[in-house]
Visitor: 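Once you've had a glance at the structure underneath, I'll fire off some questions.
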Amino acid sequence: MAGAALRLVTNNENAPPSSGDVDTASLIRAVADRGDRAAFARLYGEFAPRVKAFLMRGGLGAVEAEDIAQETMVRVWRKARLFDPAKASVSTWIFAIARNLRIDHLRRRSRPEADIEEREEEADPAPLADEHVDRRARDARIREVFATLPPNQHEVVLMHFYEDEPHSAIAQRLNLPLGTVKSRLRLAFARIKRELEDLS
Amino acid sequence: MNHHPKPETLAAYAAGALDEARAIALAAHLAMCVECRRGVADFEAVGGLALEALDGESMSPGALERFWSRAGLQEKAGAAPSFGGDIRIPEALRRHIDGDFDGIAWKPVSKGFSQAVLDAKGYRSGALRLFKIDPGIRMPRHSHGDAEFTLILKGAYEDELGVFGRGDFADLDGEDVHGPRAIGEEPCICLIATSAPLVFRGLFEKIAQRWVGV
Ligand SMILES: [Zn+2]
């Protein structure tokens, strides 16, 4: 599975930066502006199976994963108006929705008595004012840096975002000492940070 | 602010991989730090790329039709995430983050040092507590056995790594040894997050364990 993921990202290298995004962002806009169901169906085709795969990589069963993927897409449909391309790309936005739903799901499963209402109150927190962040430039640079990470770092970074307990899961899957996993991740994340230093 | 979380810590937060206690401590720092919010947003963008990189897992037949009826039934969907770190801090703690420490049930641990244990149960439980250290009081030098986050909410302390004031974040490895001493005129109040269960090995940890009562 990791091999397939690598191949896809390599393909992205040859595409103009964020070309995929322009497309999905305009689909979201069509959904937000006029409830365009055809546009949404295309987004759904693009993202629902990926979100399902993401959740299954994190250890959820196919049924749970599909249920949460559906819920993720419900939020995309309902919240399309809140999507702001100046704040995040479409994939980043959907990734964050799915990540939060995964945590909420696991939290409920491990602690069924946890009060759901407390969570509901947190709905749509006011975005913090982050002036002077050029998100597009940073995203383009991140895409570039990510595509050129050494393969062994690239692989662990991907897994770091998929796995539920990343360090131990990566160590086990790749049969590497925990220290090696941590240092590869450390190097990769430090490099991404460094490569963004000249951007606002 | 001079001390910030390490990049790998921001990335772990972006991936949703931190335990509850550490995620809360980190979110509390994000609430005060624009720079780290931008850092988390950067790593969320890596998460977006990771999502793009996946081969999709086929949805079961009729999934889109079921989606439409589900979307139609749900008048109000839940929260959409905000960016630069989706900041989710329990209401009870938000007050303390803002600098209001009234009504905390402090438990004295030793002279000039008290603590209050906070609820941080969740999917990955961690231990979350507030420390209050009077000026001039030094904690015994100790390490942690596992990563520890400390966020200064009020006052300041000084240790081997420097001076930490409000908003500063100590992102310590298991191997880091430190002995913070509260400085200034007012007690130093900090939020401490560790993963659970803590494993105490050395002498210093044992001392800390007795002090803190974990
Ligand atoms: Zn910071």
Side-chain angles (χ1 to χ4, degrees), chain A residues 4-5 8-9 12 20 41 44 48-50 52-54 56 66 70 73-75 77-79 82 87-89 91-92 94-97 99-100 102-103 106-107 110-111 118 120-125 127-128 130 133 138-139 142-143 146 157-158 160-162 166 185-186 189-190 192-193 196, chain B residues 6-12 14-17 20 23 30-31 34 37-39 41-60 63-64 66-68 70-71 74-92 121-125:
Chain A
L8 266 172
V9 169
N12 285 348
Y44 186 95
R50 288 205 164 91
K52 183 177 176 183
F54 162 69
M56 289 179 71
E66 181 157 319
Q70 293 278 40
M73 297 314 290
V74 168
R75 301 214 178 181
W77 170 249
R78 290 270 168 205
K79 304 281 173 172
L82 296 177
K87 293 228 174 65
S89 74
S91 359
T92 303
I94 295 178
F95 164 76
I97 295 172
R99 171 203 64 192
N100 290 357
R102 171 166 87 175
I103 295 173
L106 295 170
R107 190 186 278 128
S110 70
R111 198 192 185 197
E118 185 194 332
E120 291 297 325
E121 277 171 31
E122 295 168 26
D124 303 334
L128 295 145
D130 291 343
V133 176
R138 295 180 81 82
D139 283 357
I142 288 164
R143 194 177 282 275
F146 186 57
V157 168
L158 282 175
H160 176 268
F161 284 89
Y162 301 146
L185 287 168
R186 212 159 34 226
F189 294 138
I192 291 169
K193 182 188 153 112
L196 293 166
Chain B
K6 297 167 186 164
E8 61 268 30
T9 300
L10 298 180
E20 200 91 355
L30 295 178
V34 176
R37 280 206 296 280
R38 192 177 58 178
D42 291 336
F43 290 120
E44 284 172 335
V46 179
L49 294 179
L51 183 64
E52 285 178 21
L54 279 166
D55 281 334
E57 197 69 57
S58 304
M59 300 292 275
S60 56
L64 184 57
R66 283 195 304 283
F67 166 85
W68 285 119
R70 182 166 173 165
Q74 253 166 278
E75 276 306 308
K76 256 185 76 185
S82 62
F83 284 92
D86 187 32
I87 298 180
R88 307 208 280 182
I89 300 170
E91 271 320 302
K121 294 197 199 79
Y123 163 53
R124 306 182 190 93
S125 292

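Fair warning: this is a prediction, and the values are worked out from it, not measured in the lab. Any value given below was found using the heavy atoms of this structure, including those in side chains, with hydrogens, waters and symmetry copies removed.
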Visitor: Is it the backbone or the side chain of A:Met56 that comes under 4.5 Å from a heavy atom of chain B, or both, or neither?
Guide: side chain

Visitor: Verify side-chain contact (heavy atoms from CB on, under 4.5 Å) between A:Phe161 and B:Leu49, making sure each step is shown before the conclusion.
Guide: CA-CA 10 Å; A:Phe161 284 89; B:Leu49 294 179; over 6 Å; no

Visitor: Please report the shortest heavy-atom distance between A:Ala41 and B:Leu64, naming the atom on each side.
Guide: CB-CD2, 4.1 Å

Visitor: Would you give the length of the straight line joining atom CZ of A:Phe54 to atom CD of B:Glu52, rounded to the nearest 0.5 angstrom?
Guide: 13.5 Å

Visitor: Is there a side-chain contact between B:Glu20 and A:Arg107 in this structure, where contact means two heavy atoms from C-beta onward sitting under 4.5 Å apart?
Guide: yes

Visitor: Going through the checks in order, is the side-chain contact (heavy atoms from CB on, under 4.5 Å) test met by A:Leu185 and B:Glu8?
Guide: CA-CA 7 Å; A:Leu185 287 168; B:Glu8 61 268 30; 5.6 Å; no

Visitor: Is B:Asp42 salt-bridged to A:Arg138, going by a charged N under 4.0 Å from an acidic O?
Guide: yes

Visitor: Can you name the side-chain hydrogen bond (donor to acceptor under 3.5 Å, both in side chains) partners of B:Arg66, sequence neighbours left out?
Guide: A:Glu66, B:Ser60

Visitor: Grab the two heavy atoms, one from A:Val74 and one from B:Arg70, that are nearest each other, plus how far apart they are.
Guide: CG2-CG, 4.0 Å

Visitor: Evaluate A:Arg186 against B:Lys6 for side-chain contact (heavy atoms from CB on, under 4.5 Å), listing each step before the verdict.
Guide: CA-CA 9 Å; A:Arg186 212 159 34 226; B:Lys6 297 167 186 164; 5.8 Å; no

Visitor: Out of curiosity, B:Leu54 CG to A:Ser91 OG, how far, rounded to the nearest 0.5 Å?
Guide: 11.5 Å

Visitor: When you measure from the side chain of A:Lys52 to the backbone of B:Gly56, do you find a donor-acceptor pair of N or O atoms at a distance under 3.5 Å?
Guide: no

Visitor: Kindly give the heavy-atom pair with the smallest separation between B:Ala14 and A:Phe95, and that separation in Å.
Guide: O-CE2, 3.5 Å

Visitor: Is there a side-chain contact (heavy atoms from CB on, under 4.5 Å) between A:Met73 and B:Met59? Walk through the geometry before answering.
Guide: CA-CA 12 Å; A:Met73 297 314 290; B:Met59 300 292 275; over 6 Å; no

Visitor: Tell me the closest heavy-atom pair linking A:Thr92 and B:Ala45, and the distance in Å.
Guide: OG1-CA, 3.4 Å

Visitor: Which of the residues B:Gly47, B:Gly48, B:Pro7, B:Gly16 is involved in the greatest number of heavy-atom pairs with chain A at under 4.5 angstrom?
Guide: B:Gly47

Visitor: Can you tell which part of A:Tyr44 gets under 4.5 Å to a heavy atom of chain B, answering side chain, backbone, both or neither?
Guide: side chain

Visitor: Is chain B contacted by the side chain of A:Ile142, its backbone, both, or neither, given a heavy-atom distance below 4.5 Å?
Guide: both

